Number of protein chains: 2
Amino acid sequence: MSETVTKLPGAAKRGRPRLDELTASDIESIPALETIIGYRLRRAQLYVFQDFIENFTRMKLRPAEFSVLSVMARRPGLKQTEIAEELGIKRANFVALMDGLETRGLAERRKADTDKRSHSLHLTPEGVKFVRKMMAVWTAHEERLVEKLGGPEERDRLIELLDRIVAPD
Amino acid sequence: MSETVTKLPGAAKRGRPRLDELTASDIESIPALETIIGYRLRRAQLYVFQDFIENFTRMKLRPAEFSVLSVMARRPGLKQTEIAEELGIKRANFVALMDGLETRGLAERRKADTDKRSHSLHLTPEGVKFVRKMMAVWTAHEERLVEKLGGPEERDRLIELLDRIVAPD
DNA sequence: AATTAATTGTTCTGTATCATAACAATCTAT
DNA sequence: ATAGATTGTTATGATACAGAACAATTAATT
């Protein structure tokens, strides 16, 4: 591919090293993105989320909402800050998310009278039914992933490795 | 934690199943987030990016910019669409990113005269020097991760598993 | 050769995500 | 009683990401 900018003289084959061109050993030292942990993690995460989103467009459910409903189902009564922090969501951003779930009749805030500031969060009866359907959809999605990975043992290996990354030093 | 909303009668201990409350077996069927591939992937990816970002704030370099410089270093002369597509960046969004690199004097667009529409992308001499520093910083960051994982073999195992996820069916 | 279709880079726009600051109400500690 | 911390909330800004449309150019079709 010829270009309008003429090539510089080029790295001397045996002269003093040039600092403004990449030497062969420079280029070798530059890792292909395929070997970079963060890059690969991101691509894989994007892929999984993409699949998740496609599977859940019909239910109009986003990953963050899934995780919140999921926590409310297993541990009803937690307050907003607790769920938000556990999921890594800023409590400011949690408000709109919870508003949405409440508007759709899936979840509700109950005033805890031991602390008039806080709300304890619960599924509504409708939310319970919704979560059942949600889990059915999720199971299919997850099973596809496990199959791609090569089985539950491989899934466990993956999660164990991800654990090590996130674990405190 | 007492609450203003009085408890519903509760699931019959031995009566007909209620559809609007979660049974014990329902709750069992709800996976803890810790076992969900997508959730764990996301948390790990966030952790790694966080570490990356902290390490690169001084250089004012974001992950996407890193990846673009990295590709330009290894394979100079590619055109915008090629790099963007390879990195999963929409070509529309690539423009501003490349503008930034060009403004900082790290990279340049050269008109390829075989196709007057396209630009071939290259590092500038300054960009070359920048990439060397960038790679030094990156190496430290990556080595920390590899150490957390338990060594290069574990890193390779992780990447292999991530491969399987992204691989076409 | 003339017309049509496709590609490249670009701008514009909209939406989702994420973080930060400030605030009133309430609770806790001194 | 006062000062300080917490809870939920609003408002706001930055960033990431996706889609539509467009001019210039190239490729394909007739």
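Numbered from 1 within each chain, the chains take letters A, B, ... in sequence-line order. Being a predicted model, the structure only gives us computed values, none of them experimental.
To the nearest angstrom, P of D:dC17 lies 16 Å from CD of B:Glu85. Atom-to-atom, CZ of A:Arg117 to C1' of D:dG4 comes out at 12 Å; the value is rounded to the nearest Å. Rounded to a whole Å, the CG atom of B:Leu87 is 12 Å from the P atom of D:dC17. To the nearest angstrom, P of C:dT8 lies 16 Å from CE of B:Met98. Put simply, NZ on A:Lys90 is 16 Å from P on C:dT17, counting in whole angstrom units. Put simply, CG on A:Leu97 is 12 Å from P on C:dA16, counting in whole angstrom units. The nearest whole Å value for the distance from the CD atom in B:Glu82 to the P atom in C:dT7 is 13 Å. As rounded to whole Å, 8 Å separates atom P of C:dC18 from atom CD1 of A:Ile89.
Side chain of B:Ser118, nearest nucleotide from D:dC17, C:dT8, C:dA16: C:dT8. Of the candidate nucleotides D:dT15, D:dA11, C:dT10, C:dT10 has the atom lying nearest to any side-chain atom of B:Val95.
Within 4.0 Å of A:Ala92, counting heavy atoms only, lies at least one base atom of the nucleic acid.
Looking at B:Asn93, its side chain has no donor and acceptor atom pair within 3.5 Å of the base of D:dA16. For B:Arg91 against C:dG9, a side-chain-to-base donor-acceptor contact under 3.5 Å is present.
Of the possible polar contacts, one joining the B:Arg74 side chain to the A:Ile30 backbone as a donor-acceptor pair under 3.5 Å is found. Distance alone, capped at 3.5 Å, is enough to place a donor-acceptor pair between the B:Lys148 side chain and the A:Ala167 backbone.
Side-chain atoms of B:Thr139 and B:His141 include no donor-acceptor pair closer than 3.5 Å.
A close approach under 4.0 Å does occur between a side-chain nitrogen or oxygen of A:Lys79 and OP1 or OP2 of D:dT7. A sub-4.0 Å separation between OP1 or OP2 of C:dT7 and a side-chain N or O of B:Thr81 is absent.
Closest-nucleotide positions on DNA chain D for A:Gln80 and A:Gln50 were compared, and the one nearer the 5' end corresponds to A:Gln80.
If you look at A:Phe66 and B:Tyr39, their ring centroids are not closer than 6.0 Å.
Using a cutoff of 4.0 Å between basic side-chain nitrogens and carboxylate oxygens, B:Arg164 and A:Glu154 are scored as salt-bridged.
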